[in-house]
Colleague: 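The structure follows.
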Amino acid sequence: MEAILEVSGVTKTFGGFTALSDVSLSVSAGERLGLIGPNGSGKTTLINCISGALLNDSGSIRFAGHEVSRRAAHERTRLGIARSFQIPRPFRTMSVLENLMVPLAYVGGVAGGRARDEAMSILDGMGLAAKAGVTSSQLSQVELRKMELARAMAASPKLLISDEAMAGLAGAEVDEVLKILFELNARGITIIMIEHIMQAVMSFSQRVVCLDAGRIICDGTPQAVVANPDVQRAYLGD
Ligand code: ADP
Ligand code: MG
C-alpha cells in the first residue's frame with residue numbers, strides 16, 4: 001500500500017532532554033495504526049511534530065508527497081493532517097455548532113449556510129446533532145471528546161490523529177468513540193490512535209507501534225506487539 005505519511009529519523013529535544021530519538025515510521029493510506037507507550041515516552045511530541053505544533057530538530061516528515069517538516073501547522077492542516085488534543089481545547093463560550101464553523105471557515109473557506117449544513121452533517125455522524133446549540137462548556141466528557149473529533153473532521157482530513165480521545169471515559173463511552181473512529185476509517189481516512197486502553201487499541205489497530213523513552217521499540221501486528229518482551233517490560237509489565 002502507498003504510504004501517506006513517512007517519518008524518517010526524527011529527533012526532538014527540549015533543552016538537553018531528548019524527547020524523540022531517530023524515530024522512523026511509515027503509515028499507509030487508509031491504515032488504522034495504534035500508537036502506545038508509557039507516559040512521557042514521546043507520543044504527543046511525535047504528533048506535535050507531525051501536525052506542526054512543534055518543529056523537529058532533524059529528520060524528515062513527508063505527507064501525501066510533500067516534505068512538511070518545515071511547514072506551518074495551518075499548511076499541514078490544509079494538506080490533510082488533523083489531530084484531536086489530549087486535553088480538549090474547545091471555544092468554551094461558543095455553541096457546539098460554532099466550534100465546528102470556525103475550522104470550516106478557516107480551513108475550508110466554507111461559511112454561512114453551507115458551513116452550517118456541513119457542521120450539522122459532521123455532528124450527526126458523531127451522534128451530537130442534538131447538542132449543536134448548547135455551549136461546549138455544557139457538554140459531558142464523552143460529548144466533549146466527540147466534539148474534538150468533529151472539529152478535527154471539519155478540516156476534511158486525509159489523516160486523523162486521535163490523542164487519547166478515550167481517556168477518562170467509561171466502557172460504553174469507549175465503544176462509542178471507537179465506533180466513530182471505525183466509521184471515519186471506513187470512509188477512507190487514515191487514523192493514528194494514541195490510546196492507553198489496550199482493549200480499544202487491540203480491536204482498532206491493524207498495526208501497533210510502541211514508543212519508549214523517545215524511541216520506537218516495536219512495530220508490528222497488535223498480537224506481536226503485546227507479546228514482545230521489550231513492550232512487556234516497558235509498558236505492559238504491571
Ligand atoms: P506522552 O505523550 O508519550 O506521554 P510527551 O510527548 O507528552 O509524552 O512527552 C515526552 C517527554 O517530553 C516528557 O518527558 C515531557 O515532559 C517532555 N516534553 C513534552 N513537551 C515538552 C515541552 N514543550 N517542553 C519540555 N519538555 C517537554
Ligand atoms: Mg501524550
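Start at 1 and go down the list; that is how both ligands and their atoms are numbered. Just so it is clear, the structure is predicted and the values come from calculations on it, not from any experiment.
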Colleague: Are L104 and R116 side-chain neighbours, meaning at least one heavy-atom pair lies under 4.5 Å?
Modeller: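 Sidechains of R116 and L104: no contact.
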Colleague: When you measure from atom 12 (O) of ligand 1 to every protein heavy atom, which one gives the shortest distance, and what is it?
Modeller: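 Protein heavy atom at minimum distance: F17 CE2, 3.4 Å.
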Colleague: Does any pair with a residue in residues 123-143 pass salt bridge (Lys or Arg N to Asp or Glu O under 4.0 Å), and if so which ones, sequence neighbours excluded?
Modeller: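 Output for this query lists K131-E143.
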Colleague: Would you list the pairs meeting side chain to side chain donor-acceptor pair (under 3.5 Å) in which at least one residue belongs to residues 203-216, sequence neighbours left out?
Modeller: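 Checked against side chain to side chain donor-acceptor pair (under 3.5 Å) - neighbours excluded - the pairs reaching residues 203-216 are S21-R215, E31-R207, R207-D219.
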Colleague: Report yes if the side chains of T221 and V208 come closer than 4.5 Å at any heavy-atom pair, otherwise no.
Modeller: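 No. Closest side-chain heavy atoms not under 4.5 Å.
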Colleague: Relative to atom 13 (C) of ligand 1, which among C49, A213, G40, P38 owns the nearest non-hydrogen atom?
Modeller: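 Looking at heavy atoms only, the winner is G40.
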Colleague: Please list all pairs passing the ring-ring contact (aromatic ring centres under 6.0 Å, His included) test where one or both residues lie in residues 75-118, with sequence neighbours left out.
Modeller: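 Qualifying pairs, neighbours excluded: none.
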Colleague: Between the side chain of R145 and the main-chain N/O of E164, is any donor-acceptor distance below 3.5 Å?
Modeller: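 Indeed, once roles are kept as given, a pair shorter than 3.5 Å links the two residues.
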Colleague: Is there side-chain contact between F14 and L54, with at least one heavy-atom pair below 4.5 Å?
Modeller: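 Answer yes - side chains close enough.
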Colleague: If you scan the protein for heavy atoms around atom 15 (C) of ligand 1, do you find one that is closer than 4.0 Å?
Modeller: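 Given the 4.0 Å cut-off, atom 15 (C) of ligand 1 does not count as touching protein heavy atoms.
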Colleague: How many N, O or S atoms of the protein are nearer than 2.8 Å to the Mg ion (ligand 2)?
Modeller: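 Protein N, O or S neighbours of the Mg ion (ligand 2) under 2.8 Å, waters not counted, come to 2.
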Colleague: Check ligand 1 against A19 and write out every atom of the ligand that is under 4.0 Å from a heavy-atom position of the residue.
Modeller: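 Contacts of ligand 1 toward A19, numbered from 1: 12 (O).
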Colleague: Among L54, T13, T45, N48, whose heavy atom sits nearest atom 9 (O) of ligand 1?
Modeller: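 Going through L54, T13, T45, N48 one by one, T45 has the nearest heavy atom to atom 9 (O) of ligand 1.
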Colleague: Could you tell me which atoms of ligand 1, counted from 1 in the order shown, lie closer than 4.0 angstrom to a heavy atom of N39?
Modeller: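 Ligand 1 atoms under the 4.0 Å threshold to N39: 4 (O).
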Colleague: Any chance you could lay out the salt bridge (charged side-chain N to carboxylate O under 4.0 Å, His left out) test for R151 and E148, step after step, and finish with the verdict?
Modeller: CA-CA 5 Å; R151 290 206 306 166; E148 273 288 292; 3.0 Å; yes
Colleague: So L33 and F204, side-chain contact (heavy atoms from CB on, under 4.5 Å) or not? Walk me through it.
Modeller: CA-CA 8 Å; L33 180 80; F204 183 75; over 6 Å; no
Colleague: A side-chain contact here means heavy atoms from C-beta on lying under 4.5 Å apart; do T11 and N56 qualify?
Modeller: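 Heavy-atom side-chain distance check fails, nothing below 4.5 Å.
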Colleague: Going by distance only, is there an N or O of S41 that falls short of 3.5 Å from an N or O of ligand 1?
Modeller: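 Between S41 and ligand 1 (N or O atoms, distance only) the closest approach is under 3.5 Å.
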Colleague: If you have a sec, work out which protein heavy atom is nearest atom 19 (C) of ligand 1 and how many Å separate them, to one decimal?
Modeller: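 For this ligand atom, the closest protein heavy atom is F14 CE1, 3.5 Å.
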Colleague: Of T44, L46, D212, which has the heavy atom at the shortest distance from atom 7 (O) of ligand 1?
Modeller: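 Ranked by closest heavy atom to atom 7 (O) of ligand 1, first place is T44.
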